[in-house]
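Note: hydrogens, waters and symmetry copies are ignored here, and every other heavy atom, side chains too, is used.
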Amino acid sequence: MPELPEVESARSVIERAALGRVIADVDDSDSYVCRPHRPGELRSALAGRKLTAAHRRGKSMWCDTSEDGPALCIHLGMSGKIVIADPGGGEIDGGDYWEGRRRPGDYRWARFTLLFSDGGRMMLVDPRRLGRVRLDPPVELLGPDATTITAAQFRAVVSGRSAPVKARLMEQHRIAGIGNLLADEILWQAKVNPARPIDEITPRETGRLFRAVHSAVDAAIAGGGVHTLPIVAHRHAGGRCPRDGAGLVQGQVGGRTTWWCPKDQD
DNA sequence: TATAGTGTTATCGG
DNA sequence: ACCGATAACACTAT
């Protein structure tokens, strides 16, 4: 599930409901999710502090901590979401992976937990365990965030070698935040074939792609997630292009399942 | 039972 | 060293 829009809503949940609460204890016992930290390392680094701010770049988010503590980075991976449970039994569920299957109060898949001194807790709930929690992430390795990238910066993303344009859009060190579904939506909006080599992209197409990056990301954030995007809603067997009704076709591009309209993405 | 999956990264060959 | 392709990672639902 999580691409930039989902991570942004998770960040906003943390900002709204977790900042300023004292961390009394930490469950960092999942040593795969918390790699390369050893069990107990995150607990000793965080216990007694508060989260003071929540940031995001691309699909990475991190929190500043009080008293000049380390930054706490949470990456949602393929199936992660943030759940905050308060002492009264209320709960804020910040995600939509397998929406409706997980019941409130079911914390089987909590892979990392901050226990607050007021009895509440903030969890990374992640069935597949491909999410990751770490201190002081190397954020500078990420490219410009897809919500704020400039036209000049985007021209650098779409220049150079022969990789398929879709693969390039998903390279987080060039532009941060675009995943498999957003990439399909951007290419569909811009009417560009996903497999088209980067070095054949024309300036006109670059302009369309740049505008599509912003309109797709903005629409997904406003709609509440990548699932609300037009092409995403139709990328299944029998799905049709919302623009011209042609049957969408499926293939592999950049190692990922890809759907596109054969009529106007060539 | 076999397979696919909204992400990242190590590894291999060119 | 760079680029591109692929497999692996861990786990669940279909």
> Does OP1 or OP2 of C:dT12 have a side-chain N or O of A:W109 closer than 4.0 Å?
Replying inline: yes
> Between C:dG4, C:dC11, C:dA10, which one does the side chain of A:Y32 approach most closely?
Replying inline: C:dA10
>> Tell me whether the side-chain N/O atoms of A:T257 come closer than 4.0 Å to OP1 or OP2 in B:dA4.
In response: no
> Taking atom P in both B:dT11 and C:dA10, what distance in whole Å separates the two?
Replying inline: 15 Å
> Separation of A:L141 atom CG from B:dT9 atom P, in whole Å?
Replying inline: 9 Å
> With distance as the sole criterion, is a donor-acceptor pair present between the side chains of A:S9 and A:E6 under 3.5 Å?
Replying inline: no
> For A:R35, does the CZ atom have more than 12 heavy-atom neighbours from other residues, nucleotides or ligands under 6.0 Å away?
Replying inline: yes
>> Show the nearest heavy-atom pair for residues A:I84 and A:M122, with the distance to one decimal.
In response: CG1-CG, 3.9 Å
> With distance as the sole criterion, is a donor-acceptor pair present between the side chains of A:D64 and A:T52 under 3.5 Å?
Replying inline: no
> Looking at C:dG4, does its base get a donor-acceptor pair with the side chain of A:R161 below 3.5 Å?
Replying inline: no
> Whole-Å distance between B:dG5 P and A:H236 NE2?
Replying inline: 14 Å
> Between atom CG in A:L130 and atom P in C:dT12, what is the gap in whole Å?
Replying inline: 12 Å
> Please give, in whole Å, the distance from B:dT8 P to A:K59 NZ?
Replying inline: 4 Å
>> Can you see whether A:T258 engages A:K166 through a side-chain donor-acceptor pair at a distance of less than 3.5 angstrom?
In response: yes
> Base, sugar-phosphate, or nothing for A:G255, non-hydrogen atoms under 4.0 angstrom?
Replying inline: nothing
> Please give, in whole Å, the distance from C:dA10 C1' to A:R132 CZ?
Replying inline: 14 Å
> Please give, in whole Å, the distance from C:dA7 P to A:Q252 CD?
Replying inline: 10 Å
> Atom CZ of A:F112 and atom P of C:dA10: how far apart are they, to the nearest Å?
Replying inline: 20 Å
> With both distances under 3.5 angstrom, what nucleotide forms a Watson-Crick or G-U wobble pair with C:dA10?
Replying inline: none
>> Does a side-chain N or O of A:H75 approach OP1 or OP2 of B:dG7 to a distance below 4.0 Å, or not?
In response: no
>> Please report the distance, rounded to the nearest Å, between CZ in A:R129 and P in B:dT8.
In response: 18 Å
